[in-house]
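In what follows, a single structure is set out as structure tokens and then discussed.
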Amino acid sequence: MQQAQRITNLPPYLFAEIDRKIAEARKQGVDIISLGIGDPDRPTPESVVEEACRQAHNPANHRYPSYEGLPEFRQAVADWYRRRFGVELDAEAEVVTLIGSKEGIAHISLCYVDPGDLNLVPDPGYPVYEIGTFFAGGTSYKMPLLAERGFLPDLTAIPSDVARRAKLMFLNYPNNPTGAVAPPEFFADVVAFARHYDLLVCHDAAYTEIGFDGYVAPSFLQTPGAREVGVEFHSLSKTFNMTGWRIGSMVGNAEAVEALGRVKTNIDSGVFQAIQYAGVAALRQENDHPRVMSRLYQERRDAVIEGLRRLGWRIEPPRASIYVWAPCPPGLTSTAFATLLLEKAGVVVTPGVGYGQQGEGFFRISLCVEVSRIREAFARLERAGIRFDAVAR
Ligand SMILES: *Cc1c(COP(=O)(O)O)cnc(C)c1O
């Protein structure tokens, strides 16, 4: 049976060859250190797990949940936004529960994009922005995130006919994969741009709670006027080590919240209520948890930066997220460099090209492994003669 073009035309999976080499090395008993996986290694807080167990025993939670989300969860999200950002949200009209934020990010294009429409998508960026656009029949216009601009898109470089045709603009700060943060002035420019061209800003805020050296990330919705032109995706995944639970939310513009709710009621039936109650426990009782995790990630970040600098990299530490984004040695593609580290040292990093063409020439190190493993990884790279300026081939 011939498959649909939306499946056969998916971009090729870029890491198949590297994955094959990792599997092969593991089979031969090589101790692989993976700095590639962006999935918190620490467990979900105990109070959250306990609440989930307790609620799972209640038969009232064994029924279909409501598609827009449990009122208690949406209220907990609204209360958390007020405490954390000083942003007032109407839990009923301005919050929708998601099966993880990825689900909402993938589906929001179905609400706004008709075949032939354009979305503005950051490059490099989280691949789901582009895939969601594509599944809705739209086309992505790539906004380059360049190092010399602090990995913020240059809004003035977007041609006005493109901006006029665009329906959505995806942004993500603190950023995956670059670790960049956005100053409030940038968000103000984004609001003005979105107003002028009548487009919806979709801010992916997966990493607002992981900050270093005292940095505290803002919400896009703190920007004056943001609610008129935008929504924000929030996730409990990185904030509370809950990637496996599949829970998040989209908040902000009420029309967009209603539209996504309408799409979702036709596709899924919401999140198991016991998990939504676990989310309530996380948002209400675990306010210190992200700070504790940030301190841990900061130690790991420092170990990575120290390791890179010892090998000749000149690099500034990121102020947020769980990633370090670094240039590859001159003359090597990101895939070639990642393959070299794997073969010479049993160390896995993610080639930047996996996040878009502008990611070529960079690689991403994730902070989801212990400091001792990070040190071991860099000791191996040193022994293998890996240096920024003179890679041993
Ligand atoms: C991890 C991640 C997400 C997905 O989070 P879930 O809530 O687990 O779906 C969204 N955006 C970015 C940039 C991420 O890195």
Side-chain angles (χ1 to χ4, degrees), residues 12-44 100 102 124 126-128 175-179 206-207 210 235 237-238 241-244 293-294 296-311 313 315 317-318 321-329 332-356 359-386 388 391:
Y13 180 63
L14 290 160
F15 307 141
E17 182 63 16
I18 290 180
D19 283 355
R20 197 184 56 73
K21 285 189 171 148
I22 294 170
E24 202 171 277
R26 283 213 165 104
K27 214 162 71 195
Q28 286 167 9
V30 179
D31 171 34
I32 297 284
I33 302 178
S34 180
L35 305 177
I37 301 162
D39 187 350
D41 54 311
R42 293 291 169 98
T44 304
K102 182 179 186 177
Y126 186 59
V128 186
N175 185 257
N176 175 14
T178 68
Y207 296 100
I210 315 291
S235 167
S237 288
K238 317 294 171 20
N241 300 347
M242 291 178 73
T243 48
M293 286 307 300
S294 292
L296 178 74
Y297 289 127
Q298 185 173 323
E299 278 172 38
R300 295 171 176 182
R301 174 203 68 167
D302 291 345
V304 168
I305 295 294
E306 189 198 304
L308 284 170
R309 284 177 174 166
R310 222 175 31 231
L311 300 181
W313 264 263
I315 186 167
S321 86
I322 56 176
Y323 308 108
V324 172
W325 182 247
C328 299
L332 282 182
T333 67
S334 57
T335 311
F337 184 59
T339 305
L340 186 77
L341 299 194
L342 175 61
E343 288 175 347
K344 293 229 168 183
V347 172
V348 176
V349 300
T350 312
V353 71
Y355 303 95
E360 185 52 283
F362 289 86
F363 64 101
R364 193 191 76 171
I365 288 179
S366 150
L367 303 177
C368 296
V369 296
E370 300 292 349
V371 166
S372 60
R373 292 291 275 173
I374 292 171
R375 295 225 170 92
E376 163 71 17
F378 278 97
R380 287 191 200 173
L381 298 183
E382 196 161 4
R383 281 199 299 275
I386 305 288
F388 178 69
V391 174

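As the structure is a prediction and not an experimental result, all values here were calculated from the model.
Residues passing the salt bridge (charged side-chain N to carboxylate O under 4.0 Å, His left out) test with R373, sequence neighbours excluded: D31. Looking at residues two or more places apart in sequence or on another chain, you find no salt bridge (charged side-chain N to carboxylate O under 4.0 Å, His left out) involving E360. Residues passing the salt bridge (charged side-chain N to carboxylate O under 4.0 Å, His left out) test with E299: none are found, sequence neighbours excluded. Under the side-chain contact (heavy atoms from CB on, under 4.5 Å) criterion, A23 pairs with no residue, sequence neighbours left out. Residues satisfying the salt bridge (charged side-chain N to carboxylate O under 4.0 Å, His left out) criterion with D39, sequence neighbours excluded, are absent altogether. Under the rule for a side-chain contact (heavy atoms from CB on, under 4.5 Å), the partners of P351 that lie at least two apart in sequence or sit in another chain are F15, I18, S334, T335, A338, V353.
The aromatic rings of F362 and W325 sit parallel, their planes meeting at an angle under 30°, below the 60° perpendicular limit. Ring planes of Y207 and Y323: perpendicular class, angle over 60° (limits at 30 and 60°).
A distance of 10.0 Å separates CG of L381 from CD of E376, quoted to the nearest 0.5 Å. Interatomic distance, CD1 of I386 versus CZ of R380, reported as 12.5 Å (0.5 Å rounding). Remark: N241 CG to D41 CG distance equals 7.5 Å, nearest 0.5 Å. The distance from atom CG of L296 to atom CD1 of I210, rounded to the nearest 0.5 Å, is 9.5 Å.
Between R375 and E370, none of the side-chain N atoms (NZ, or NE/NH1/NH2) sits under 4.0 Å from a carboxylate O, so this pair counts as no salt bridge. A salt bridge links E17 and R20; the closest N-O separation between the charged side-chain nitrogens and carboxylate oxygens is under 4.0 Å.
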